[in-house]
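Here it is, the structure, as structure tokens.
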Amino acid sequence: MMLILLLLIPLVGAAVLAFLPGRIRYGLYVSGLTLLAFAVLACVFDYDRTERMQQDVDWSWIPALDIRFHLGVDGISLPLVGLTVLLTFLCFVYLGRHPDKHPRMLTVLLLVLEVGMIGTFLAQDLLLFFVFFEVVLIPMYALIAVWGGPERRHAAYKFILYTLLGSALLLVGLLILGVNAGTFDMVALAAGHGTGLSHTVQVTAFLLIGLGLAVKAPMWPLHTWLPDAHTEAPTVGSVLLAGVLLKMGTYGFVRVALPALPSGAETWAPYLGFLAVIGIIYGSLACLAQTDLKRMIAYSSVGHMGFVLLGIATLTPVGVNAALFGNIAHGLITGLLFFLAGSIKERYGTGSLEGIGAGMLARQPHLAAVLTFACVASLGLPGLAGFWGEMLALVGAYRPGAGLPRETFVTYMVVAALGAVLTAAYFLRLLSRITHGRRVEVAEVADVRPLEWVAWTPLIVLTVLVGLWPKALLDLTDAPVRALMGG
Amino acid sequence: MIVLAALAVLLPFLGAVGGLLLGPRLSPAFDFTRRRGPELFAVVPVGIMTVLTGIVAFQQWWDPGVRDRVFATVPTGTMPIEFGLSVDGLAAVVAFMVGCVALAVQVYSVSYLKDEPRYSSYAAFISLFTAAMLLVVYADDLMVLYVGWEIMGLCSYFLIGHHWEEAANSRAAVKAFLTTRVGDVGFLLGAIVLAVGAHSFQISTIMRNLEKIPHGTLVAATLLILVGVAGKSAQFPLHTWLPDAMAGPTPISALIHAATMVAAGVYVVARLYPAFVAAPVSLAVLGVMASISMVGAACAALAQRDLKRVLAYSTISQLGYMAAGLAVGAKSAAMFHLITHGAFKALLFLAAGSVIHTVGSNLLSEMGGLRQAMPVTFVTMTIGYAALAGLPPASGFFSKDSIIEAAQLTAFHGGEIIEPSINATIPGWVSWIVYLSLLGTAALTAAYVSRAWLMTFFGAGPDGAHEAPPLMSRTLVALAVPALVLGFFGLGAAELQPHFGSAGLSLIFVAAGAAVVVLAWRDDPVLDPARRLGPVRTLFERAFYVDDLYDLTVVRPVRRLASVVAGADRTVVDATVESTVPAARGLGRLVSLPQGGNPQTYLTGVLAGAVLLVLAVVALT
């Protein structure tokens, strides 16, 4: 019942607000309550049996098609749900000082978005998963289209059309999988490891599901909606888009595609890995030449998600652990980066590096220090969260799963590692350009404000803690990953 | 005892965190001590850490043996990462050296950066740097080692770029981080190859399982690790960041060049030495790399105009000595040189800092005649230079001599390493290159040392020079003692004792190198003796144009590629996506044509269809 509560709190909160006048503060309470519910869930979670679906809710939903309302949480879902409720709460904290237009509508949309995101990570039925997967699209579309920048209409259309196209393929793939396997239950599908599914079915279903998820992830070359969406989206939209929405794609791979379609995965993994490393190099090179802060962070997501996808493509427990670790790390760090980008853009009235100018360390030492921290974490410094996911993905690529071409993956490993150098290069270039240098006076010189500190500190602390103590996360994911991978 | 080692790592780390978070706000809180809070936060944890490393080293000396403990095991899906430390004799001694130098640097900095507004962040990064280096030294797991390894790179970035107002400093910092990061990636891949081959990330387990690893894998792993060593220890071809790193405050140079960072590279080779011995190809590569680095850097040092750059190139050259020692099997001698070099190079940099503090310039041409005005600096720096040049009885003489002795033995035996515990052979020509480079570098070192010494302390100089403040000069005296006497500590071990033949030969080379410079200087003490180099002077001063080469072959192509990719993302990848918009619109218009809303069109359609159907029926029946 904990899980139902987790979904109901934001849902009822949104519904009530639709009839009541309200402000951002109301959203803060509702998302705070959700966070509290998650804290209770984290307390009652049995950490000795992370591989088991806990807190099961299994109701009949559409009996004619044997589609069930099945929710559950294991060691893979728990951190992602935690990331979702935390980031949503922090978004409301951040919004507290920024009275935007239509605060009531914004609150409703964010809460609905939260329901969709939490549901995606809890759903244990293919169609329920798909429904939640789609629920997030409309609020995100509206967020970009109403509260976005000057080019918001174009970006919002592109976002929704592109991801809807992906969703259509995903739905077809899920139906092929469910109908051929005779069940839509994800736990049963994962336990079956593809038994009873012919090779052709698996290859087709994996391709369709994979394409649908890859648009979301995003995988090169299906990424071009992302820079536009991020550049135009309001700060909270960017934070949730990068922090949670992208993870839904890679989570789908781990939860659905890999365990249920092992033979399809084996066929497509080398291609997936290839596109993943292209994404790493391509994203980093594109970052090196960007002139807009938010656009640069958006492209950096392409590179980082490339590491996550590479981990998945290795089809090894270590690679999948890497992917899940990378998911959380990227959510924390890039969430922080987009918060920062939003605050910088608000202060300077522009996101272009030229317009921001040099010498931020002299003008706003705290803001520049937090930006430096976020960049350093994002470039994968060992001891901070970003490192472990990348490093484990390389380990996985060095010895990929049985049946995969070893030489190919070793090449991927080397190329991906070179991508890590390029990642460092563009973040240092960014820091050099805007934080270093002599003080240039501009109109507003406000440093970090108290509410911003409140919104950012949890992300900073978690980045450090997860980086220094990776055991906390890997202990959670290792057992369920081994179970899903059939080891 | 292993808990003491863990505390030694943890204390400076906590000091750094405290210093970074609280910063200058500490001052009022510690007002009663008449010392500013940040200084206490900087010096006290490092001081306790030094004592702890001292205790650990003493225990290790009293009762030798390997002590290790795993604090946590991290599952990864394959072999686990063991968060553990391990202390053997080597680790204990190196850690103690790191502690002493770090403490000296912190104490010296209190005075050197007295009026610096960003002192607390500066001191915090020194503490973090020290903690990271100690983690490298004590770590018993390749990944834990790598964490320290790369945090050092980050700290060097922050410290070199401490005066980030100047674009040049910012560039130097970025260059240091990126160049070492290239090496680090090599190291990480090498560590993964080694660990997967041995089925463990734990160093002690890997060393036990070496024979289970295929030879090719071992060679690949050690060569990749050498890339990382070249990056950190500033060896050719990844050495170019070190001379530019002089942009940082002078005490930082002492820290980077003596105790941390550059020492980490050669230390790691020693730590993983059994793996290298099992792959002699890598030893040979290390030998060649070391030879190029030591001779090339010594030549470059001969022509530099900036005192700190002279010392920087001398570091590359001396690290070449250590790497060469490791290549010919003289592990103890190489580590001995690491320790003595730590002492005398820290001394030299801090002394150079005192000189620069007074003169207000880094340029040798602005200095001169300082021996009367700065007696303490003069005496201590002379000791440091003597040790660097390898003059007896200074420490450098003993450590250099034992390396040369080992190289000579190996060369005379056609590359076979004459060391009872090591069974390996490197190619004969490599051993000869190493041996001759060592001797040649001895002469070159004596030459550039004499030049710098004469140009700083003799001849005519600036007016109004004065001795450095007591906190600084006392630190110099404290470091001069080990720089002078540390060599005698090696006499206990047979392989570290000086041998008449090789010592005599190298001293002849030293004397020759020094004599040439002194003669050139005596002709005209005002002019730079380097003028005698003639046309090659510019070549040496620009360090053989390696920087320009990299700019042309790496930096610019990557920049061009980046703008190509960013452009192509818009004009090709995204344009393809966007082109579906007109295509979809066109398709929509085409499909909507029959639904124009005109009843006449509909009726015509129906009629035409009926006619077609009738015709079809007629034709088919």
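The sequence lines fix the lettering, A, B, ..., with proteins before strands; numbering per chain opens at 1. Everything numeric in this text was worked out from a predicted model, so none of it was measured.
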For Ala416(A) and Ile280(A), work out which heavy atoms get closest and say how close.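 Shortest heavy-atom contact: CB-CD1, 3.8 Å.
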Structural part of Arg559(B) lying under 4.5 Å from a heavy atom of chain A: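 Contact with chain A: none, neither part.
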Examine whether an atom of Arg433(A) lies under 4.5 Å from a heavy atom of chain B, and if so say whether it belongs to the side chain, the backbone or both; otherwise answer neither.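 Contact with chain B involves no heavy atom of Arg433(A) at all.
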Quick check against the 3.5 Å criterion: does Asp140(B) have a side-chain atom that pairs as donor or acceptor with the backbone of Gly84(B)?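 No, the answer is negative, given that no donor and acceptor are paired below the 3.5 Å cut-off.
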Portion of Phe325(A) that has a non-hydrogen atom of chain B nearer than 4.5 angstrom: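 No part of it gets close to chain B.
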Do any N or O atoms from the side chain of Asn321(A) and from the backbone of Thr76(B) form a donor-acceptor pair under 3.5 angstrom?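 At least one qualifying donor-acceptor pair exists.
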Given that the side chain runs from C-beta out, which part of Leu324(A) has a heavy atom under 4.5 Å from chain B: side chain, backbone, both or neither?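 The answer is neither part of Leu324(A).
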Establish, from distance only, whether the side-chain atoms of His223(A) and Asp569(B) form a donor-acceptor pair under 3.5 Å.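 Per modelled atom types, His223(A) and Asp569(B) side chains form a pair under 3.5 Å.
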Could you look at Tyr426(A) and say if it's the side chain, the backbone, both or neither that has a heavy atom under 4.5 Å from chain B?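 Tyr426(A) has no heavy atom closer than 4.5 Å to chain B.
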Rounded at 0.5 Å granularity, tell me how far CD1 in Ile203(B) sits from CE in Met143(B).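 One gets 10.0 Å once the value is rounded to the nearest 0.5 Å.
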In terms of side-chain geometry, is the basic nitrogen of Asp184(B) or Lys232(B) positioned less than 4.0 Å from the acidic oxygen of its partner?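 Between Lys232(B) and Asp184(B) there is a salt bridge, with a charged N closer than 4.0 Å to a carboxylate O.
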Name the member of Val182(B), Ile151(B), Leu154(B) that forms the most heavy-atom pairs with chain A at distances under 4.5 Å.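 Ranked by heavy-atom pairs under 4.5 Å with chain A, first place is Leu154(B).
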In terms of heavy-atom proximity below 4.5 Å to chain B, should Leu428(A) be classed as side chain, backbone, both, or neither?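 Both parts, backbone and side chain.
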